[in-house]
Amino acid sequence: RHDVAVRAVCERHGVRYQAFWALTGNRRILQGRAVREVAKAHGASAEQVWLSFVQALGITPLSGTTDPNHMAQDLALPALSAAEVERLRLQHLIG
């Protein structure tokens, strides 16, 4: 629900939207059942699944971490199927 209007303008003009809020702004969703189930299926963390999801939506998540382990985890994202992306998209919309 972040920057919906801005993201729409970016999409219409072919501009890649970058988000600093991908993880910190979605704690409730990260703790939700849908994200946890997809994470378990991939042997990944909820954070990894969510970063992969927002990328599938065309959003570039920005990481402010200075922890090398967190950065390695951020870069090791699972590939999500179209069905998983859609499931998470619906979960996100109904929040």
Side-chain angles (χ1 to χ4, degrees):
R1 297 184 180 116
H2 299 285
D3 296 334
V4 174
V6 173
R7 291 187 350 240
V9 169
C10 289
E11 187 174 336
R12 279 196 307 275
H13 295 282
V15 174
R16 187 82 176 184
Y17 178 85
Q18 297 178 336
F20 198 68
W21 48 257
L23 295 178
T24 57
N26 291 292
R27 289 288 171 208
R28 187 171 51 90
I29 293 170
L30 288 168
Q31 296 168 355
R33 186 179 68 196
V35 174
R36 286 192 328 257
E37 287 175 357
V38 173
K40 182 178 179 181
H42 284 275
S45 70
E47 291 81 5
Q48 287 173 309
V49 165
W50 191 253
L51 288 175
S52 186
F53 170 65
V54 297
Q55 285 182 348
L57 296 180
I59 297 170
T60 300
L62 302 175
S63 175
T65 189
T66 58
D67 182 316
N69 291 326
H70 288 165
M71 184 55 68
Q73 291 170 352
D74 290 350
L75 294 172
L77 301 178
L80 301 180
S81 71
E84 289 167 324
V85 169
E86 192 59 29
R87 178 177 175 195
L88 292 172
R89 180 191 317 262
L90 293 173
Q91 173 69 19
H92 175 64
L93 290 174
I94 63 173

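Note that the coordinates shown come from a computational prediction; the quantities given were computed from them, not determined experimentally. For this chain, numbers begin at 1 and follow the sequence in order.
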Side-chain donor/acceptor of Asp67 to backbone N/O of His70, under 3.5 Å: yes

Under 3.5 Å: donor-acceptor pair, side chain of Arg36, backbone of Gln31: yes

Shared hydrophobic cluster for Phe20 and Val6 (ILVMFWY, side-chain gaps under 4.5 Å): no

Hphob cluster co-occupancy, Tyr17 + Val9, side-chain heavy atoms under 4.5 angstrom: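 Result: no, two separate clusters.
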
Spatial distance of atom [atom1] ([X]) from atom [atom2] ([Y]) [nearest 0.5 Å]:
X     : Y     : atom1 : atom2 : value
Leu57 : Ser52 : CG    : OG    : 10.0 Å
Leu62 : Leu23 : CG    : CG    : 11.0 Å
Glu84 : Glu37 : CD    : CD    : 11.0 Å
Arg16 : Arg7  : CZ    : CZ    : 12.0 Å
Leu51 : Ser45 : CG    : OG    : 7.5 Å

Close side-chain approach of Trp21 to Asp3, heavy-atom, < 4.5 Å: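 Of all side-chain heavy-atom pairs linking Asp3 with Trp21, at least one is under 4.5 Å.
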
Pairwise side-chain contact, Met71 with Leu75, heavy-atom cut-off 4.5 Å (strictly under): yes

Kindly give the heavy-atom pair with the smallest separation between [X] and [Y], and that separation in Å.
X     : Y     : value
Leu77 : Gln55 : CD1-OE1, 3.4 Å
Pro61 : Ala22 : CB-CB, 3.8 Å
Leu80 : Val49 : CD1-O, 3.9 Å
Arg27 : Thr24 : CG-O, 3.9 Å

Distance-only side-chain donor-acceptor flag, His42 / Gln48, under 3.5 Å: no

